[in-house]
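Have a look at the structure below before the remarks.
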Amino acid sequence: MSKAIPPSAGVAARVIVGAVLVYAGAVKAAGPSEEFALVIGSYDVLPREMVRTMAVFLPWIELVIGWALILGVQLRVAAVASGALFTGFLAALIMVQLKGIELPNCGCLGDAVHFTPLQACVFDSCLVALSWISWKSAPHALSLDSWAEGGYTGHTHGKR
Amino acid sequence: MDRLIRLLASASLVLIASVASFYVARGQRKPFSAVAPAYRSQGPEDAKVTIVEFSDFECPACRVAEPPMRALLKLYDGKVRLVFKHFPLERMHFWARRSAIAAECAGKQGKFWEYHHELYDHQEEWPNDKFEERAAGYAKKLKLDAAAWDACRKDPAMDAAVNADVKDGENAWVGSTPTFFINGKRFVGARDLAERGSPFVEKELKK
């Protein structure tokens, strides 16, 4: 099945998803957590006491997953994690729309980029698809995983 | 063993890259000026607590923050200084800049706070095509010199003053309104001001 995805497409997919996560994570981690807490709170999907903790830790989770994808470290785990993250964001966006809540900002890429809810849904859906491609195309020669395993064998190590 | 070392090295690289990205992004932060013209400040200059508010007259959340802010200023009268900075969210609020300039020109005649109160207290009636009529109505009610107020609104310096505040807000990474800096500590939104801001003021005053 993985042979259906050209290796270059796999690398491109994971670099794109990784770059988006690194950008989003860095901007939010370096920015004021109060701003991001306000955005998370406006989704009204988390208990209030969890909102501030999430505002501090979520950007770091995005950063670590993003770099793991770009560098190819624990590629399958990172691809699953990014897919889960974007599926979660997508679910939260849909819930907000169903509840009729107007978001000041989707919080996707910090304050620099403002998506409409529809744009944010399309954006997240594309990233879920790219995460899936990253997962399907792993392992890959251009990754630290292959270096850690002592070289790329071209096999999937019997995992799929 | 060799594999374990390589795995640990790979994981370390991910962590180092994450921390490095954080510091690169943090380097984009710039200092911001908390200074505003005297007519946009109230309270003693040497107050123990200074609140810098970035706000937008058309923003409903800013209106919601008005009662707790007025209550706070009343409670700590003479002990707290409030500095108002314009941060019109023009992406969402078409009339925000015009209202900021109208208030700024009322400020030039010493009536900024009165005009500020009019805009927030009647927020439901002016952000529409009746803006000009309503804005002039508030100016008349406050007995402003209508000709001077009108001329002032056409002065490019007013636009520049709003732009300078927006730049300060951007440097301070203000993303939403209202955002308050109480002795430099950030509080975002009316609820944050009421729940965390007021106790913080109390704490700062006891220092």
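All chains are named by letter (A, B, ...) in the order of the sequence lines, taking the proteins before the strands, and each is independently numbered beginning at 1. Just the heavy atoms: all of them, side chains too, but no hydrogens, waters or symmetry mates, feed the values below.
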(Q) Pair B/Arg6, A/Leu144 - check side chain to side chain contact (heavy atoms under 4.5 Å, CB included), show working. (A) CA-CA 8 Å; B/Arg6 286 181 186 213; A/Leu144 284 177; over 6 Å; no

Q: Check the pair B/Leu7 / A/Gln74 against side chain to side chain contact (heavy atoms under 4.5 Å, CB included), numbers first and verdict last.
A: CA-CA 9 Å; B/Leu7 279 174; A/Gln74 294 296 303; 3.8 Å; yes

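The minimum heavy-atom distance between B/Phe22 and A/Leu63, with the atom names listed, is CB-CD1, 4.5 Å.
Top candidate by heavy-atom pairs under 4.5 Å with chain B, chosen from A/Ala26, A/Ala29, A/Pro32, is A/Pro32. Of the listed residues B/Gly189, B/Ser18, B/Ala9, the one with more heavy-atom pairs under 4.5 angstrom with chain A than any other is B/Ser18. Comparing B/Leu8, B/Leu13, B/Val14 by heavy-atom pairs within less than 4.5 Å of chain A, the highest count is held by B/Val14.
Using a 4.5 Å cut-off between heavy atoms, A/Val64 touches chain B through backbone and side chain atoms alike.
Remark: B/Thr177 OG1 to A/Leu38 CG distance equals 9.5 Å, nearest 0.5 Å. Rounding to the nearest 0.5 angstrom, the gap separating the OG atom in B/Ser10 from the CG atom in A/Asp145 is 7.0 Å. Atom OG in B/Ser21 sits 11.5 Å away from atom CG in A/Leu21 (nearest 0.5 Å). For the atom pair CG (B/Leu15) and CH2 (A/Trp67), the distance works out to 12.5 Å, reported to the nearest 0.5 Å.
Using a distance-only test at 3.5 Å, with no hydrogens or angles considered, no donor-acceptor pair links the side chain of B/Arg186 to the main chain of A/Glu34. Side-chain atoms of A/Glu35 come within 3.5 Å of backbone atoms of B/Ser176 as a donor-acceptor pair (strictly under, hydrogens ignored).
B/Lys74 NZ: 12 or fewer foreign heavy atoms inside a 6.0 Å radius. Open room surrounds CD on B/Glu45; 12 or fewer heavy atoms of other groups in view lie less than 6.0 Å from it. With a 6.0 Å radius and a threshold of 12 heavy atoms from other residues, nucleotides or ligands, B/Lys48 has its NZ atom above the threshold.
A/Trp60 places a side-chain heavy atom less than 4.5 Å from the side chain of B/Val19.
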